[in-house]
Number of protein chains: 2
Amino acid sequence: MPATKTSKEEILRKSTHLIWEQGYKHTSFSDLSKACGIQSAHFYYYFKDKEDLMTQVLENSAELFRQKIFSVAYRDELPAEERLAVIIKKLNVFYTKNYGGCMFGNVVLETAHADSPFLEVVRELFKDFIAALKHIYASKMSEAEAQSKAILTIQQLEGAIMMMRLYKDRSFVDNAWAKITL
Amino acid sequence: MPATKTSKEEILRKSTHLIWEQGYKHTSFSDLSKACGIQSAHFYYYFKDKEDLMTQVLENSAELFRQKIFSVAYRDELPAEERLAVIIKKLNVFYTKNYGGCMFGNVVLETAHADSPFLEVVRELFKDFIAALKHIYASKMSEAEAQSKAILTIQQLEGAIMMMRLYKDRSFVDNAWAKITL
DNA sequence: GTCTATAATAGGATAGAC
DNA sequence: GTCTATCCTATTATAGAC
């Protein structure tokens, strides 16, 4: 049994959930402490400051995306169409749930004007996202075309998420995916 | 000659510029007062509160987009290709200048989780943006196809702007436009 | 490892002199 | 119409008891 009432993993999990919903700046320690059931001050036991917490939230989510979603792209025993379909389905769970959108995209638009310490983590995440889609597309077209198509796919998805959030309507994301064919 | 040292128009213009760069929440009255050359308290002479200022910034920019950019779509004496090219060129001035991106998209991702009073203004803006592109596309395809293509174009653009901001590289936007053909 | 208390600051907003 | 002074609140962060 654990020696602690609340584990760091539990705090990170619940914080991640809230930040996906509300964004970084808008989520205060007051919000987080309610969601996690601990005192605001207790965050400083596990994390240096809010920036440190957010960095770990981002790295955690990025690792989850790599292991649970992007990895599907490399299961070469499955047909490319099926791999793409599985990835779309899994992404939609994160992106269209309660209209919170994409935390990675959100943090870019929230902090890109400053020298945000988060951008490097997000760049790595999108690099791996692009590589995964490229690997699938490359079975049907040249490497260069696959690379270009992968980037356009992600841009279309991120734009559709923005429209979904603006109009509170998931069909923007559905229609965007419908246009992405192999 | 004006009776005032600083006009409301001047304050709105400079505030708009800073908010395009930094976003709504991240721009404080302290920032704005420096940029406008007036005391923080003086904003309350012209505006009820920060939300009121932001609403006028958004409405101002939206009106500018309508008059200077979207209107080009309806100059039916020009070929469709040329109208589209002019619109792209004008949009790029706003979107790729100093990597600040699209204020309208930014404010959606910044505030969509709450019941933001700004979303309605942005919805109207994007409605007119879609209508303008649809009008151009409709000269080459059905109304339904033109509507769908207009939405996809805007989503691609907004996604490309996000990538541009993430990697500080305008080629994402250039490449996105290159794929948008009539 | 968790709590209370509290510091320190920043940001939004108001009052009132001139 | 512009300024100084000030208030209020939210938020990040620290100190220290238990």
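Proteins come first, then strands; the chains are lettered A, B, ... in the order of their sequence lines, and each starts at number 1. Quick caveat, the model's predicted, so the values are computed rather than measured.
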TODO: In whole angstrom, give the distance that lies between atom CE of A/Met54 and atom P of D/dT12.
DONE: 13 Å
Open item on the list: Could you work out, with salt bridge (Lys or Arg N to Asp or Glu O under 4.0 Å) as the rule, every residue matching B/Arg66, not counting sequence neighbours?
Closed with: B/Glu63, B/Asp128
Task: Spacing of B/Leu53 atom CG relative to C/dG11 atom P, expressed in whole Å - done: 15 Å
Task: Salt bridge present between B/Lys140 and B/Glu81 (N-O < 4.0 angstrom) - done: yes
Task: side-chain contact (heavy atoms from CB on, under 4.5 Å), paired with A/Arg83, selected from A/Asp76, A/Leu182, A/Ile88, A/Leu133 - done: A/Asp76
- [ ] Rounded off to whole Å, could you give me the CZ-to-P distance for the B/Phe47 and C/dT14 pair?
- [x] 15 Å
- [ ] Figure out the CG/P separation between B/Leu32 and C/dG12, and round it to whole Å.
- [x] 8 Å
TODO: Measure from the side chain of A/Asp49, starting at C-beta and using heavy atoms only, and say which of C/dG12, D/dT12, D/dA13 lies closest.
DONE: D/dA13
TODO: Measure from CD on B/Glu51 to P on C/dG11 and round the result to the nearest Å.
DONE: 18 Å
Task: For A/Ala146, side chain to side chain contact (heavy atoms under 4.5 Å, CB included) partners two or more places apart - done: A/Lys134, A/Tyr137, A/Ala138, A/Met141
Task: Atom-pair distance (NZ on B/Lys25; C1' on D/dT11), nearest Å - done: 11 Å
- [ ] Evaluate the criterion side chain to side chain contact (heavy atoms under 4.5 Å, CB included) for residue pair B/Glu158 and B/Tyr95; output intermediate values, then yes/no.
- [x] CA-CA 9 Å; B/Glu158 291 292 324; B/Tyr95 287 158; 4.1 Å; yes
Task: Distance, rounded to the nearest Å, where A/Phe29 contributes CZ and C/dT2 contributes P - done: 16 Å
Task: Near-strand residues of residues 36-44 of chain A, defined as heavy-atom separation under 4.0 angstrom from DNA chain D - done: A/Ala41, A/Tyr44
Open item on the list: Nearest whole Å is fine: how far is C/dG12 P from B/Tyr24 OH?
Closed with: 8 Å
Task: Short N-O contact, A/Glu10 and A/Lys14, less than 4.0 angstrom - done: yes
